[in-house]
Each structure stands twice: as structure tokens, then as C-alpha cells.
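Heavy atoms only: backbone and side chains are in, while hydrogens, waters and symmetry mates are out. Chain letters run A, B, ... following the sequence lines, proteins first, then strands; residues in each count from 1.
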Amino acid sequence: MVAITLPDGSVRSYPGPVTGLDVARDIGPGLAKAALAIRVDGAMKDLATTLDRDTNLAIVTAKDGADALELLRHDAAHIMAEAVKELYPETQVTIGPAIENGFYYDFARPVPFTPEDLEKIEARMKEIVDRDEAITREEWDRDEAVRFFDSLGEKYKAEIIASIPAGQPIGLYRQGQFIDLCRGPHLPSTAKLGKAFKLMKLAGAYWRGDSRNEMLQRIYGTAWFDKKDLEAYLHMLEEAEKRDHRRLGREMNLFHQQEEAVGSVFWHPKGWTLYRAVESYMRKRLDANGYVEVKTPQLVDYSLWEASGHADKFSESMFTVRTQDERHLAVKPMNCPCHVQIYRQGIKSYRDLPLRMAEFGSCHRYEPSGALHGIMRVRAFTQDDAHIFCTEDQITAETIAFCELLKTVYTDFGFTEVRVKFSDRPEKRAGSDEVWDKAEGALKQAAEAAGLEMTLNPGEGAFYGPKLEFVLKDTIGRDWQCGTLQVDFVLPERLDAAYTAEDGSRKRPVMLHRAILGSFERFLGILIEHHAGRFPLWLAPTQVVVATIVSDVDGFAEEAVKALRAAGLRAEADLRNEKINKKVAEHSQAKVPVLLVVGRREAENGQVAMRRLGSPDQEIVALDQAVAKLTAESAPPG
RNA sequence: GCUGCCGUAGCUCAGUCGGUAGAGCAUACCCUUGGUAAGGGUAAGGUCGAUGGUUCGAUUCCAUUCGGCAGCACCA
């Protein structure tokens, strides 16, 4: 007897072993048709899995959300591999997992795939779906499987299987003529994939993710249960493209980039206004939180970078300069060594600590060309950097205070969801293991005291110390790592920073490296995409446009702009010889938050018709009232 | 950096199976003074990313190079 307990608590008994499909059939023909897989005591298994003892069972159908989609996408990857092998038999298959929103498969083939090949592959996949091939699992002996794939010329598969411990049975899945190593589970048949999938793009990817290995060809696709879901996803991609900061930067005249200054930003007046709004907000927050601001040199003799350890661990990313008189300089990639130089001026006492030294530090790093991305990943950027020189005892309090400041700032910019990662010692590092033990312990303890929930990010720390990384989520669900807090016992030692302790002894301060925005360039890019260019009033480069209906009222419109500007608002007049329809359309598209329309009626009464971005409503108010209202609304937080 | 794709007017794009190019928007000027998402007309605007090669002739074909895009690797 086998007793199967279903999720609703009901129990079904069978005289002998049954498969998941048998149980589904027993419950009802509709369920049997919809069944994709089963969950046995929590673990996903094939529908055909034999159940020979009492167990908890759930039938997985398309309604099961993420689990079901993962199955579907994994199958899509296999069906794509089958299609590729049919069309291009000389291709070797490697791996093909389900990923967020879709799947990919990496192929080894001497000839590159073309976009036309993608269409052919997609068409063949649809044929395979129509063929309704059963997907069945087989168990093989490992060495036999290695020999089998070797004989097919599938050396990558053979390599993967050979790396599985001997003696373990190997699960292979067969569908039609195609057989592949796979952990499973899979759908019962290729027909279950349906037609709501699409091959998206072609890209290179290193074998086993290592840049020393050969480059494979990766095909990405997306797959859904329903055509509607597919269309919704494609539509979402289009929307994301519309908020791309590179596109909005051009359309809104915020900045541009050009090949004579690769990896740098030309900020236009409007973009720079935005930048300054962010900067002055940050400066105000830092002032209020006990930071002092400094400015340090761009070009620094290479010897300082040798002393700090950057020459050793970071030289590939540094721009260096040799002058005519043979001096060797580097453009600073970080601000920390310079801040230590300021710290070292004069003798420091424990009474001076904690010393919170901030700089909007302009840095240059020679990033690999393939890493550059708009203003999000550049070679010239400005960090909202600060170093807190403190005693070991002060680490916890400083960490707590920093976390609070960070939260306030993110909230003010409209980000509410923040994750924290803890990154510990990397392979390439400075400082002894004892120092690292101490630094990691101190940071972990401080983070716990600050009440942070963290995930571990092993080996991702800076070369001089462990770090906390703060990752925020934007409106369309993407993650951005911005803030960081790093504990550093190494640099104060290497650069000889010291203070006189209470007992008169000479001690080393600890340095906390910290940033909230990360880099202004990147953060502004994130802000642009997060708000899709529709900035809150306090950030909008142009806050108000006064648009006239007839030229008779030009004088009043200019007066209105003058009044708005006198109140500190960023206002412009639109006196052009154009119809109001066109003016409304253009300023709406330029994402100006407030439009004040002035016609004869308004001008005669000293009024304006106020129209907010995104709403067709208008509100007729006296000019001075409008100024007062907008002034209050546009005040930056804090 | 690696793989693939791409580079035509300020922007978005069409085009030339090798005979030096066109549209819409934007710009300038003219007409229009119009009440809440694009009024009409005229004009101007291009070394077809750069260099080299093949050719009678190259924006088009080939090579190199620079830049961009996507992904991979990188993000200390």
C-alpha cells in the first residue's frame, strides 16, 4: 500500500507503486492534462517518477508560478538545443539553464550563428513542439555516459560528466533523437512548451565562465505559458528601453558622450543642474552629520600609490603619466591615500576622533572597454566618498550612524527597498590574516548592532578590508549596488596614520571607507531610469515653464518667470509663436513638472492656469499663490 | 579585454545588386495670435565613423582602426 498525502491534507491510497501522472489521472482528467511535474516532499520531480512509499505530493501545473516557469524555460533550452543539433549537426552542446525571464544555451560551433539562424532555430523549435515528443529520463553509468558523449564528438558534455564523481548514476533525458545530460526535472513532452517563446539575442560566453577558456556562442530566449505573458514581457522591455538613461540623456538634453573622451561625461546645463541639486543635497546631509569636506589632488606621485598598495593591487586600472622631467605620476583612482595625507598633517589626539572626512572626489579608472555603459560605468567619475578615522571602539557607533544616514538619503531619492551584502576577504589582498580576522569580526558585529540583515558575498571584499554593500531596487525591479562601508586596518598602517591615545601611547586609527551614492554619474543614471526622466520637483532641471497663448501677454509671462526665479524656482518662459497645443505637447514630452499657461483672461486677473505633468486638469490660481505653492513644494528634503 | 552585431543630416531611420544620397522631426525665415499633447509654407543642412586596398569609379566590396550596442569576463 502506498498512501499519498495531497496539499489539501487528503490522503489517497494505492495498492502498489504509482507514478505522479497516475495520481493526477486518479484525481481528474483535467488535472492529468495540466500536470507538468510533481513536488515530492518539497522537491520537484518528473511527472513519471514512481512513488513506492508513503509521501506528500503536490501536482505542479502552469498555475504554480515561478516553479512551473522554471521547468518550462529549462525545457525551452533543451528544445532549442535539439533544434540546433538538427539544423547544425556539427555543433556541440554544453549547458543551458533557465534564468530570470527566460533561458539560454551555450553552443560550441566554429561558424558564428547569425540572426537569420535564430529565426530558423525558432521555427524548428516550434516544429519540435508540434511533434509532441515524449521527454524521458534514463539512468546511465558515469563512464559509459562519458564514452557515449565522446563517441558523439560532444567533448564538453563528456567533460562535464567526467567531473561528476564516479559510481554515481547519471541522469540523461531523451526527447526524439536528442539526448542530453540533465539533472531535471523536465516536462513530460515537448508539446507542453507551447508557442509562447522567442529567441532574443546572440552573445559570446566563456566556457565555464572563465575568460581563459574558449568563447562559446550563447543564445538567449524567453518563454512563458501564455502568449499574453510573452507580449507583456516584450512590452516591458520596450518600456525599459524608453527609460534608458542614454536615450533620456539625449532627449532631455542632460549630457552627451563622444569618442574623443571615451568613458567621460559632457554634462549639459540641464544635466548639470540635476547634478548640482544632488550634490548640494548630499553636502547638506553630510554637514548635518558631522562630516568635514576636503578636496585633494588629481595627480599624485606614483610613490604614494606604491606606499598605499594600489600600485600592487590596482595598477591595471590606473591612468599614469610620465612628465618631461621623468616624474611618474598617477591620476587618482581612489581618494583614500590623499585623505590619509590630510589626516597626517599635525598630530592627532584621540579627542579628534572620529574624524569624518568627506570629498566629492573625482577619480579616474581605466575600466575595460567592454564594461563601459553610458554614464553608469565610466572611466572618469566622482564619488561621494568619505573616510571616517576612528578608534576600534567607535566602529559600531559609526556604522549605525552611517546606516541611518544612508537610509534617509535613499528614501529621499525615492528608493525604499535596500538589500545588504557582506563581502569578506578576497584572494588578492593586503594585510595579514590576523588583521583580516579582526576587521571582518568588527564589521560583522557593527552591522549586527545596526540591525542589518545581510547575505554573504564571499571573496568580494576590497584589497584592504571587508565591506558592506548596499543594493537598491528601482521601479522596474533592477538591482543597483550603490552604498558601501569598508573597514580598513591596512592603509593607516601602510601610510603611517596615528593618534595619541588617552594613556599617551601612539595608536593606529581605523579607517572606515564609505559612500552612499557610489558615483554621482552612476547614481544620476539610476535616478534618470528610476523616475523615467519624470523627476520629483526638487530635482527637475526645469521646474516650471510659463507658456503664453497669445503674444499680448508676453509681458505678464516674463513677469511671472521673474517672480518664480526670485523665489528660487528654475523657471523658463515659452513665448514662441506656436499654438498652446504644441507648447503643452512639447513641455510634457520634455517632462517639465509644472506648466503655467497664460492667456488674456489670466493676464487680466494676474492669474495662471497651472497644469501638472501627467494630468490634463488645470487649476486657475493667482500668480503669487502659484509661486508660494511651488516654492514650498520644490524644497529639497532635509 | 573576448564574441557577435552596428556606424548615412542635430535626432529617428530609408537607400545605393559599385556611378558621391532621401524622408519625418528639429533648425532658419515667412504666413498664422491660435485656449491645454504637435497649424501651414519656404529654405538651409551630409568627406555616408576614420585610414588603406581592389576598381575607370567606393558611402556600397575587402582589410585595418576608432566608436557604439548586446552578452561574457571585469567592477579592487
Could you tell me whether the side chain of E602(A) has a donor or acceptor atom within less than 3.5 Å of a complementary atom in the base of rG35(B)?
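A donor-acceptor contact between them is present.
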
Looking only at N and O atoms, is any donor in the side chain of R377(A) or the base of rC74(B) less than 3.5 Å from an acceptor on the other one?
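Such a pair is found, so the answer is yes.
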
Ignoring backbone atoms, test whether [X] places a side-chain nitrogen or oxygen under 4.0 Å from the OP1 or OP2 oxygen of [N].
| X | N | result |
| --- | --- | --- |
| R247(A) | rC69(B) | no |
| R208(A) | rA73(B) | no |
| N581(A) | rA38(B) | no |
| H373(A) | rA70(B) | yes |
| Y220(A) | rC72(B) | yes |

Choose from rG1(B), rC69(B), rG35(B) the nucleotide whose nearest atom is closest to any side-chain atom of R600(A).
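Nearest to the side-chain atoms of R600(A), counting from C-beta on, is rG35(B).
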
Mark yes when over 12 heavy atoms from residues, nucleotides or ligands other than E316(A) sit less than 6.0 Å from its CD; otherwise mark no.
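No, because the 6.0 Å sphere around CD of E316(A) holds 12 heavy atoms or fewer from other groups.
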
Just wondering, more than 12 heavy atoms not from E100(A) lying within 6.0 Å of its CD?
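Check fails, neighbour count at 12 or below.
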
Worked verdict on F197(A) versus W224(A) for ring-ring contact (aromatic ring centres under 6.0 Å, His included):
CA-CA 6 Å; F197(A) 65 85; W224(A) 304 83; over 10 Å; no

With a distance cut-off below 6.0 Å to the six-membered ring centre and an angular limit of 45° from the axis, does R218(A) pair with Y104(A) as a cation-pi contact?
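That pair qualifies as a cation-pi contact.
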
